[in-house]
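Each chain gets a letter, A, B and so on, in the order the sequences are listed, and its residues count up from 1.
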Amino acid sequence: MNQLALHPNVYATGQNKGLVNILEDVWVRNHRPGDGTLFVVSGFGNYNGGVRFYETFKEHTRRGGRITAVFSGSTRSRLTSKQVVHEMLGCGADVHIINRKRLLHAKCYGALTDEGNSLVVTSGNFTGPGMSQNVELSVLLDRETTASMQFSWDGMVTALLRQNWDYHRPSLGDLAAPAWRLLYDEQAAELVLDDSAEVTMLLRLSHADTARINAAPGTNAGKGSQYFWLSKDCFDFFPPLTIRNERGHKATYSCLVTMKYMDIGVEDPNCRVTFEAENNLDFRLGTGPLRYRGIAAAGDIAAITRTGEATYELRIFREGTRQFERLREYTINLIGHQGKSYGFVNNSDFEGLTGVHLQRIASRRGAPRIPTV
DNA sequence: GGCACTGGGTCT
DNA sequence: AGACCCAGTGCC
């Protein structure tokens, strides 16, 4: 069925409230791994844009399916990252990079199987922001519709690649090839956070988030990892989740950040953010230093402030305090089934609402910014 | 000891 | 089946 969504969570004609959900329709729910070809066309691309689907893609090509991806590249602008292209190639995709003074700015995704062409036309890039917190509009056209309008993926991609443009085909076999110079390193040390990404996540905690925080040492309630469970709509709040698990058989994608626990004066340079790609799709923030501290209970707000590309400050605001009441109205996204909610506020507003003083990272004038498209 | 893993649960 | 919720085990 055709459907349209203005996301995240603004308006939708169908069940799917976001672009990732719509793509799950096309690539997971209504697709058998190995069937036909999956398509990704996007002007911009970064690692977290695809992290939900890398396992899906691998299974698809392992069973004989194909994947065609087309991204924009440039030596001057940060359009598509080396990390996402590397991962897509590892998934078995054919990746085409278009280097053009006026960039390919189209975004569409879909699948071609014996049953027809599914097409998602969207403003959302294949990036964390495009898939998460940017306001984007997406339309899914089903196989009947694409047939009636005589759309075919083969026709469009053939026409796209037939243009007299500067095309490159990066490969894992030659990482020094010119194609890779059209891609940027999203983990480069000199990249600094864009102003618009200097935001604070406000998360109302639930029982599972705080059980270990309130456990008595030595009891069963304190066993296991201390996490905050996050919404998957928050991929763009964290650095690229490029670290793969080493033991275990279920794929996870994680990254390490520096977390400053302002309430207890602890700084953890190895705070792990994990996407459990093959275990319930959990998205978890490891907060081990809070164990046994008793400083947060269900209902309280955890404020997680991004002060740099991989540096955060965490503060707990207890329910009932004046600061809590001011912050609560920002936790507008209702998730889960235990009353959890979350939201974002920009860092200056957060300082005004709470009176806290953030330890800002001095951002160098003219330093290259992390794209937020 | 702590946390990467595991594998369920529950509601929608 | 998705998306948070939950309670550990056992490896490092």
Parallel, tilted or perpendicular: rings of A:F126 and A:F71 (30°, 60°)
tilted

Could one point to a donor on the side chain of A:N279 or the base of B:dC5 with an acceptor on the other under 3.5 Å away?
no

Rounded to the nearest Å, what distance is computed from the CD1 atom of residue A:I335 to the C1' atom of nucleotide C:dC6?
15 Å

Assign A:Y227 to base, sugar-phosphate, or nothing according to its heavy-atom contacts below 4.0 angstrom with the strands shown.
base

Atom CD of A:E278 and atom C1' of B:dA4 are separated, to the nearest Å, by 15 Å

Which class fits the ring pair A:F350 and A:F317: parallel under 30°, tilted 30 to 60°, perpendicular over 60°?
perpendicular

Which word best sums up how the rings of A:F283 and A:F235 line up, parallel for under 30°, tilted for 30 to 60°, or perpendicular for over 60°?
perpendicular

Any salt bridge between A:R169 and A:D94, counting N to O under 4.0 Å?
yes

Testing C:dC4, B:dG7, C:dC5 for proximity to the side chain of A:K232, the answer is C:dC4

Once you apply a heavy-atom cut-off of 4.0 Å, does A:K223 come out as touching a base, just sugar-phosphate, or nothing?
base

Please determine if a side-chain N or O atom of A:R284 lies less than 4.0 Å away from the OP1 or OP2 oxygen of C:dC5.
no

Taking only N and O in the side chain of A:S225, is any of them less than 4.0 Å away from OP1 or OP2 of C:dA7?
no

Separation of A:N270 atom CG from B:dC3 atom P, in whole Å?
10 Å

Using whole Å, report how far CH2 of A:W229 lies from C1' of B:dT10.
14 Å

Please answer whether the main-chain N or O of A:G65 pairs with a side-chain N or O of A:D35 as donor and acceptor at a distance below 3.5 Å.
no

Side chain of A:R291 - closest among C:dG2, B:dG2, C:dC6
B:dG2

Closest to side chain of A:H337, choosing from C:dC6, B:dG9, C:dG2:
B:dG9

Position toward the 5' end of DNA chain B (nearest nucleotide), A:E276 or A:T287
A:T287

Using only modelled atom types and a 3.5 angstrom limit, is any donor from either the side chain of A:R212 or the base of B:dG2 paired with an acceptor on the other?
no

Taking the six-membered ring for Trp, are A:Y47 and A:Y54 parallel (under 30°), tilted (30 to 60°) or perpendicular (over 60°)?
tilted

May I ask you to verify if any side-chain N or O of A:R272 is less than 4.0 angstrom from the OP1 or OP2 atom of B:dC3?
no

With a 4.0 Å cut-off on N to O distance, would you call A:R204 and A:E319 a salt bridge?
yes

Quick one: A:L19 CG to C:dG2 P, roughly how many Å, whole number?
16 Å

Matching residue for A:F237 among A:V273, A:I304, A:L285 - test: side-chain contact (heavy atoms from CB on, under 4.5 Å):
A:I304

C:dC5 P sits how many Å from A:D282 CG, rounded?
9 Å

Would you indicate, yes or no, if C:dC4 has its OP1 or OP2 atom less than 4.0 angstrom from a side-chain nitrogen or oxygen of A:H207?
no

Note: for A:G222 and A:Q338 on DNA chain B, the residue whose nearest nucleotide lies more 5' is A:G222

Name every residue in residues 238-261 of chain A that has at least one heavy atom under 4.0 Å from any atom of DNA chain C, in order of residue number, or write none if there are no such residues.
A:R247

Which part of the nucleic acid does A:G288 contact within heavy-atom distance under 4.0 Å: base, sugar-phosphate only, or nothing?
sugar-phosphate

Whole angstrom value for the distance that separates P of C:dC5 from CZ of A:F283:
14 Å

Find the distance between CG (A:L353) and CZ (A:R328) and round it off to the nearest 0.5 Å.
14.0 Å

Let's see if you can work this out: which of C:dC6, C:dC4, C:dG2 has an atom nearest to the side-chain heavy atoms of A:N21?
C:dG2

A:L281 CG to B:dT6 P, straight-line distance once rounded to whole Å:
15 Å

With the side chain defined as heavy atoms from C-beta on, A:N280 is closest, among B:dG2, C:dC5, B:dA4, to C:dC5

Does the base of C:dG8 carry an N or O that pairs as donor and acceptor with the side chain of A:N220 under 3.5 Å?
no

Between A:R29 and A:K340, the residue closer to the 5' end of DNA chain C by nearest nucleotide is A:R29

